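Below is one structure, written out as structure tokens, with a few remarks after it.
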Amino acid sequence: MNPIKHIRCEIFGITQEEMAKICRVRQATISRWEAGIGEPSLRHVRLIRAEARRRRLRWDDRVFLAEERAA
């Protein structure tokens, strides 16, 4: 599981559409990021971090740097 999918599924527990709203992109962009085609920009990372803090979720920026996890 790549970092963005891990964040979406394991930390937020939301759909690609909901993650797209957080990142202010289309759902297809989230799908591409999860497939390893491109990656979120620093702006997107900041939006995700801000939403995690707003939701009072446990957060560590290193999650973006993690190696792909076994599915």
Side-chain angles (χ1 to χ4, degrees):
M1 185 178 303
N2 77 5
I4 196 70
K5 187 169 185 176
H6 171 76
I7 291 165
R8 180 179 67 80
C9 295
E10 303 299 326
I11 297 174
F12 281 88
I14 59 176
T15 65
Q16 286 185 347
E17 188 65 37
E18 291 169 309
M19 181 62 90
K21 288 178 184 176
I22 291 168
C23 295
R24 301 178 188 159
V25 298
R26 294 179 26 225
Q27 176 273 329
T29 301
I30 301 299
S31 180
R32 284 193 299 275
W33 290 346
E34 290 183 4
I37 303 168
E39 58 187 37
S41 69
L42 181 57
R43 176 180 154 263
H44 298 116
V45 170
R46 287 179 175 156
L47 289 168
I48 293 167
R49 179 197 303 140
E51 183 63 17
R53 288 181 176 163
R54 188 186 73 76
R55 293 181 185 210
R56 292 189 165 95
L57 299 174
R58 189 173 187 167
W59 188 256
D60 184 342
D61 284 338
R62 290 178 291 186
V63 72
F64 284 107
L65 305 173
E67 294 293 320
E68 288 196 19
R69 294 162 178 83

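Note that the structure is predicted; figures quoted are calculated from it, not measured.
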Notebook entry, point to check: Within a strict 4.5 Å, meaning less than it, do heavy atoms of the Ile48 and Phe12 side chains meet?
Noted result: yes
Item checked: side-chain hydrogen bond (donor to acceptor under 3.5 Å, both in side chains) assessment of Thr29 paired with Arg26 -> CA-CA 5 Å; Thr29 301; Arg26 294 179 26 225; 5.7 Å; no
Notebook entry, point to check: Should the heavy atoms of other residues, nucleotides or ligands under 6.0 Å from CZ of Arg55 be counted, would the total exceed 12?
Noted result: yes
Notebook entry, point to check: Quick one: CG on Asp60 to CZ on Arg49, what's the gap to the nearest 0.5 Å?
Noted result: 10.5 Å
Notebook entry, point to check: Taking Gln16 as the fixed residue, which of Lys5, Arg8, Lys21 is the one that meets the side chain to side chain contact (heavy atoms under 4.5 Å, CB included) rule?
Noted result: Arg8
Atom pairs and distances, donor-acceptor, side-chain atoms in residues 35-43, under 3.5 Å, two or more places apart:
| from | atom 1 | to | atom 2 | distance (Å) |
| --- | --- | --- | --- | --- |
| Ser41 | OG | Arg43 | N | 3.3 |
| Ser41 | OG | His44 | N | 3.4 |
| Ser41 | OG | His44 | ND1 | 2.8 |

Next item on the list: Looking only at non-hydrogen atoms, find the nearest pair between Ile11 and Leu57 and report the distance.
Entry: O-CD1, 3.8 Å
Margin query: Using 0.5 Å steps for rounding, measure from the CD1 atom of Ile14 to the CE atom of Met19.
Written below: 4.5 Å
Checklist line | Leu47 versus Cys23, closest heavy-atom pair with distance | finding: CD1-O, 3.6 Å
Margin query: Testing the basics here: between His6 and Val63, what is the closest heavy-atom pair and its distance to 0.1 Å?
Written below: CD2-CG2, 3.4 Å
Margin query: I'd like to know whether Thr15 forms a side chain to side chain contact (heavy atoms under 4.5 Å, CB included) with Gln27, so could you lay out the CA-CA distance, the side-chain angles of the two residues, the decisive distance to 0.1 Å, and finally the verdict.
Written below: CA-CA 9 Å; Thr15 65; Gln27 176 273 329; over 6 Å; no
Margin query: For Arg54, is there an ion pair with Glu51 - N to carboxylate O distance below 4.0 angstrom?
Written below: yes
